[in-house]
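This report concerns only the one structure given below.
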Amino acid sequence: MHTFPARTPNRQLDYVAMYPANSWRIVESEVLDEPVASDHRPLLVEVELETHSGSLPE
């Protein structure tokens with residue numbers, strides 16, 4: 001998803017890292033249409049923690 005430069009995004013520079021990677025599922029992701037607040041556009045990602053035992057890890 002292109003987030004840079006903010007006015008006319010043509011490069012992917014921004015990422016979301018989650019650990020451990022196989023415990024998370026991306027529900028939705030989008031680049032927000034906000035070219036003024038920063039030199040990058042905001043990246044909005046909704047993630048869900050997947051648990052195999054039904055409870056959250058400690």
Side-chain angles (χ1 to χ4, degrees):
M1 299 174 69
H2 297 159
T3 58
F4 183 83
R7 293 226 181 261
T8 55
N10 60 17
R11 288 176 270 189
Q12 180 176 356
L13 294 179
D14 300 285
Y15 297 86
V16 175
M18 297 166 285
Y19 181 83
N22 62 351
S23 292
W24 298 92
R25 181 178 72 86
I26 297 172
V27 175
E28 185 177 345
S29 62
E30 68 178 294
V31 175
L32 302 180
D33 186 17
E34 172 47 67
V36 179
S38 174
D39 61 340
H40 294 237
R41 292 220 178 169
L43 182 59
L44 177 65
V45 181
E46 180 182 347
V47 296
E48 181 176 88
L49 178 61
E50 293 184 338
T51 60
H52 301 288
S53 65
S55 62
L56 295 176
E58 295 183 22

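- Open room surrounds CD1 on Ile26; 12 or fewer heavy atoms of other groups in view lie less than 6.0 Å from it.
- For the pair Arg41/Leu32, no side-chain contact is recorded, criterion being any heavy-atom separation below 4.5 Å from C-beta on.
- Two residues are said to be in side-chain contact when any heavy atoms from C-beta on lie closer than 4.5 Å; Leu49 and Ser23 meet this criterion.
- At a threshold of 4.5 Å between non-hydrogen side-chain atoms, the residues Pro5 and Asn10 count as touching.
- Here the CD-CD distance, from Glu28 to Glu46, works out to 6.0 Å after rounding to the nearest 0.5 Å.
- In this structure, Gln12 CD and His2 NE2 are separated by 6.5 Å, a value rounded to the nearest 0.5 Å.
- Within the model, atoms CE of Met1 and CG of Leu44 stand 8.5 Å from one another, a figure rounded to the nearest 0.5 Å.
- Screening Val45, Val16, Val47 against Trp24 for a side-chain contact (heavy atoms from CB on, under 4.5 Å) leaves a single residue, Val47.
- Taken from CZ in Phe4 to CG in Asp14, the straight-line distance is 9.0 Å, to the nearest 0.5 Å.
- Taking CD of Glu30 as the reference point, atom CG of Leu43 lies at 9.0 Å (rounded to 0.5 Å).
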